[in-house]
Amino acid sequence: MPVLRFDNVSKQYPGGQQALSDVGFQVDAGEMLFVTGHSGAGKSTLLKLIHLAERPSRGAVLFDDRNLLRVRGRQVALHRRRVGVVFQDHRLLADRTVAENVGLPLLLQGLRRGEIAKRVRAVLDRVSLGTRATALPAQLSAGEQQRVGIARAIVSEPALLVADEPTGNLDPTLAAEIMALFESLPERGTSVLVASHDLALVKRMRKRVLVLDKGRLVDDIQPEDLAE
Ligand code: ADP
Ligand code: ADP
């Protein structure tokens with residue numbers, strides 16, 4: 001059963017920039033895949049259409065078989081619980097602790113304090129930050145900050161996690177750690193879609209790869225075709 005489907009999706013920004021042209025693909029539940037391409041190829045735009053930061057100009061994005069065009073108003077917040085987002089610059093709140101940053105989505109959902117504390121503790125353990133709950137983001141290393149961003153993105157147990165250049169600011173060792181963390185998510189029921197222009201990193205992961213070039217989906221490479 002597909003969790004996500006793009007049907008002939010095009011995106012033209014106001015001012016005329018054509019960011020995506022007629023893009024179609026689908027992602028099955030439990031899949032992990034990459035989208036790659038040069039800067040400006042349309043990777044960020046593709047992710048933004050999934051978490052409703054942008055809307056397509058033509059075509060349809062379906063999530064859990066539901067056309068996202070119909071998701072409006074209050075339903076946008078509900079949709080965003082089902083799609084976790086990780087940014088390159090992690091976007092943590094500087095004046096909140098690690099635990100507060102991670103618990104924020106649950107607080108906004110109206111969960112009780114005790115329940116939030118329990119779930120935050122569990123997710124921080126999963127990203128190996130169990131001992132850093134009361135630290136402020138500035139007291140953490142870059143890799144730790146990114147793991148907090150991931151914890152915040154998965155604390156609502158989303159059906160899909162989208163990550164935009166999540167290792168762009170990290171050295172190769174930390175990048176590999178973050179990738180291993182992503183790889184562990186599908187077995188817990190979260191599909192993962194990672195945008196990265198780092199082809200070497202993407203190839204090492206041996207997952208399915210969507211290749212964008214100037215807004216067109218020019219390749220959809222299956223893991224078994226990624227030869228040495
Ligand atoms: P990538 O993430 O692969 O670098 P983007 O999706 O950010 O690509 O950008 C695709 C194209 O759309 C680029 O030409 C970019 O300049 C343009 N673009 C992105 N965002 C906007 C925007 N908000 N307004 C106008 N053009 C944009
Ligand atoms: P990314 O590579 O992650 O898309 P950028 O630095 O290209 O990051 O873009 C940063 C922000 O500026 C994004 O929100 C994007 O939508 C917007 N943007 C990108 N290109 C353009 C553009 N040509 N005109 C207006 N906004 C743009």
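Counting starts at 1 for both ligands and their atoms, following the listed order.
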Test your reading of the model: is there a side-chain donor-acceptor pair from R58 to the backbone of V9, 3.5 Å cut-off? no

Examine E54 against ligand 1 and note whether any of their N/O atoms are separated by less than 3.5 Å. no

Is the shortest side-chain heavy-atom distance between L46 and F25 below 4.5 Å? yes

With respect to A19, determine whether any N or O atom, backbone or side chain, lies less than 3.5 Å from an N or O atom of ligand 1. no

Using a strict 4.0 Å threshold on nitrogen-to-oxygen distance, state whether R216 and D22 make a salt bridge. no

Is it the case that ligand 1 has an N or O less than 3.5 angstrom from some N or O of P14? no

For the pair D64 and R82, find out whether any cationic side-chain nitrogen is under 4.0 Å from an anionic carboxylate oxygen. yes

Heavy-atom proximity to atom 3 (O) of ligand 1, best of Q18, K43, K214, K48: K43

Would you say G15 contacts ligand 1, with heavy atoms under 4.0 Å as the rule? no

If you count the atoms of ligand 1 from 1 in the order shown, which ones are under 4.0 Å from a heavy atom of S44? 1 (P), 2 (O), 6 (O), 7 (O)

Considering the heavy atoms of H38, write down every atom of ligand 1 situated less than 4.0 Å from one of them. 3 (O)

Between V127 and V148, is any pair of side-chain heavy atoms under 4.5 Å apart? no

Decide, yes or no, whether a salt bridge links R188 with E157 under the criterion of side-chain N to carboxylate O below 4.0 Å. no

Atom indices of ligand 1 within 4.0 angstrom of Q17 heavy atoms, with elements: 12 (O), 14 (O), 17 (C), 26 (N)

Tell me whether ligand 1 is touched by G37 - counting only heavy atoms on the residue side and a distance under 4.0 Å. no

Answer yes or no on whether R91 is positioned over the face of F87, meaning its NZ or CZ is under 6.0 Å from the six-membered ring centre and within 45° of the axis. yes

